[in-house]
K.L.:
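What follows is a single structure, and I will ask about it in a moment.
Starting from 1, each residue takes its place in the sequence as its number. When a ligand or atom number is given, it counts from 1 through the structure's own listing order.
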Amino acid sequence: MVDVDNALNIIYENTKEADLEKKDILSCLNKVLAENIYSQDNLPPFDKSAMDGYAIKSEYTRGCGTEKSVKLEIRGIIRAGYYCEDELEVGQAFKIMTGAPLPKGADAVIEIEKVKVEGNILIISEEVDKGNNVIKLGEEIKVGELALTKGSNIRPVEIGLLASLGYSSIKVYKSPTVALIITGDELVDIDSELEKGKIRNSNEYSLKALIKNSGAEALSLGVVSDDKDNLKEKVKYALENADIVITSGGASVGDYDFVDDVLKEIGADVKFTSVAIKPGKPITFATYKEKLFFALPGNPSSIITVFEGFVKPAIRKIMGKQEEDMEEFPVILAEDFEAKIGRRKYVYVEIKVDNGKYYAYKVGSQCSNHLMTMSRANGIVIIPEECGNVKVGDVLNGKFIFR
Ligand code: AMP
Ligand code: MG
């Protein structure tokens with residue numbers, strides 16, 4: 001049995017960054033940027049109004065207030081999407097809509113709600129500062145400036161930013177294909193009748209979702225019955241057609257757990273077969289040529305824990321990211337939690353913030369079979385190997401999950 005840190009080091013040592021490819025931006029969600037992105041334009045490309053109002057020269061309003069007003073002639077209206085060639089002259093204003101370019105000679109916009117209008121005359125009774133409600137040319141970013149650095153995660157906001165900068169495609173690291181083999185004679189699909197002794201195959205669904213979330217592509221090879229030859233054929237096919245192979249279940253020491261036997265028979269290089277972690281101890285990691293193989297425990301919540309802990313870091317490294325996406329922070333225990341010395345325990349909890357501090361509350365049974373418990377949790381606290389039971393008020397590291 002290896003400890004969690006060692007297991008991760010072994011996985012990282014055997015994982016290489018993928019080649020690069022150019023992809024359209026919408027296909028890059030959750031991928032990692034493989035180039036620096038510089039702005040091709042000034043954003044915004046012109047001085048523009050931030051409000052529906054009137055474009056004026058601010059100096060006309062000097063000294064205005066309850067006692068003093070200024071009257072300006074309204075010259076016309078400037079809509080978003082249209083450029084006004086006319087220059088604002090002394091004593092004039094233009095009505096202007098949000099997003100429209102300021103006319104030459106104007107340096108401020110006063111909101112519609114703050115003025116009076118009588119026919120063609122605008123009446124302003126307050127001082128307006130220069131630059132009021134004006135978004136200056138290049139205020140967001142200027143031509144040639146660095147917009148995004150290599151290694152950034154592509155989230156919805158980056159997709160919008162790239163679009164506004166004129167990039168329809170970008171260089172990213174290729175996503176690995178993750179083949180999924182589900183074992184277990186007890187499994188039926190969601191819509192099937194639950195006959196005696198059967199349960200629904202939830203792992204296939206949670207794993208596909210986890211793979212998608214991490215930015216990789218899933219290749220689902222369905223359920224194999226607990227039969228060594230069937231499993232061997234599926235594993236060989238998976239290793240030929242994917243970069244990473246995951247099996248669900250069949251990895252422990254039961255009479256019908258064949259994954260470790262199959263790995264030996266095909267000549268895979270088995271690096272470890274269990275990790276000092278709870279939940280999720282029976283996890284095998286092996287390599288076969290350049291391919292990675294993870295045999296994960298069948299328990300529905302264990303499999304999520306070990307996927308997040310071991311498979312996702314490998315996927316993210318292949319995709320160009322080494323550090324964890326979710327940072328750990330100190331969490332104060334609001335209740336006692338039990339743990340055995342010797343294994344690192346991940347306790348699913350509700351983390352609440354109070355006065356700038358984070359507190360961890362129980363969300364139910366910690367039985368590794370229960371997705372219900374996990375579903376009520378928004379985070380985990382990590383009880384180190386040497387700790388044993390921990391008490392109210394103890395401070396441990398924790399993190400949010402699936403945000
Ligand atoms: P195993 O690792 O194969 O011994 O399975 C451990 C536990 O997880 C057993 O209670 C299984 O019935 C359950 N299990 C295994 N595979 C799945 C699956 N695909 N979906 C839901 N539960 C599963
Ligand atoms: Mg099984």
K.L.:
Knowing that exactly one of Lys104, Lys130, Lys136 qualifies, which makes a salt bridge (charged side-chain N to carboxylate O under 4.0 Å, His left out) with Asp47?
P.N.:
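Of the listed options, the one satisfying the test is Lys136.
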
K.L.:
Give a yes-or-no answer on whether the side chains of Asn241 and Thr177 include a donor-acceptor pair shorter than 3.5 Å.
P.N.:
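There is no such pair (donor and acceptor under 3.5 Å, judged by atom type) between the side chains of Asn241 and Thr177.
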
K.L.:
For atom 11 (C) of ligand 1, which candidate among Lys198, Arg200, Glu186 provides the closest heavy atom?
P.N.:
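It is Glu186 whose heavy atom sits nearest to atom 11 (C) of ligand 1.
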
K.L.:
Has the side chain of Ser49 got a donor or acceptor atom that lies under 3.5 Å from a matching backbone atom of Ala100?
P.N.:
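Not a single qualifying donor-acceptor pair exists.
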
K.L.:
Compute whether any side-chain donor of one residue and acceptor of the other, for Tyr205 and Asp189, lie under 3.5 angstrom apart.
P.N.:
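On atom types as modelled, these side chains qualify, holding a pair under 3.5 Å.
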
K.L.:
Check each atom of ligand 1 against the heavy atoms of Ile182 and keep those under 4.0 Å away; list them by number with element.
P.N.:
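Near Ile182, meaning under 4.0 Å from one of its heavy atoms, ligand 1 has 19 (N).
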
K.L.:
With atoms numbered from 1 as shown, which atoms in ligand 1 lie under 4.0 angstrom from a non-hydrogen atom of Asn203?
P.N.:
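Those of ligand 1 that fall under 4.0 Å from Asn203 are 16 (N), 17 (C), 18 (C), 19 (N), 20 (N), 21 (C), 23 (C).
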
K.L.:
Could you go through the salt bridge (Lys or Arg N to Asp or Glu O under 4.0 Å) check for Glu265 and Lys228 one step at a time?
P.N.:
CA-CA 10 Å; Glu265 285 178 21; Lys228 196 161 90 180; 2.8 Å; yes

K.L.:
Counting only nitrogen or oxygen atoms and a 3.5 angstrom limit, does Gly250 reach ligand 1?
P.N.:
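Yes, at least one N or O pair falls under 3.5 Å.
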
K.L.:
Does any donor atom in the side chain of Glu204 or Ser220 lie under 3.5 Å from an acceptor atom in the other side chain?
P.N.:
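The criterion, which ignores hydrogens and geometry beyond distance, is satisfied for Ser220 and Glu204.
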
K.L.:
Checking the N or O distance criterion of under 3.5 Å, is ligand 1 in contact with Gly298?
P.N.:
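Gly298 vs ligand 1: N/O contact under 3.5 Å present.
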
K.L.:
Name the orientation class of the two ring planes belonging to Phe329 and Tyr358 (parallel below 30°, tilted from 30 to 60°, perpendicular beyond 60°).
P.N.:
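Aromatic pair Phe329/Tyr358 classed tilted.
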
K.L.:
Using a heavy-atom cut-off of under 4.0 Å, does the side chain or the backbone of Ile199 touch ligand 1, or both, or neither?
P.N.:
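The answer is the side chain of Ile199.
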
K.L.:
Quick check on contacts: which atoms of ligand 1 are under 4.0 angstrom from a heavy atom of Ser202?
P.N.:
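Under 4.0 Å from Ser202, ligand 1 has these atoms: 20 (N), 21 (C).
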
K.L.:
Using heavy atoms and a threshold below 4.0 Å, how should the contact between Asn299 and ligand 1 be classified: side chain, backbone, both, or neither?
P.N.:
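Both parts.
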
K.L.:
Within the 4.0 Å heavy-atom shell around Asn201, which atoms of ligand 1 are there?
P.N.:
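Under 4.0 Å from Asn201, ligand 1 has these atoms: 18 (C), 19 (N), 20 (N).
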
K.L.:
Under 4.0 Å, heavy-atom basis, I'd like to know which part of Pro300 is in contact with ligand 1: side chain, backbone, both or neither.
P.N.:
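Answer for Pro300: side chain.
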
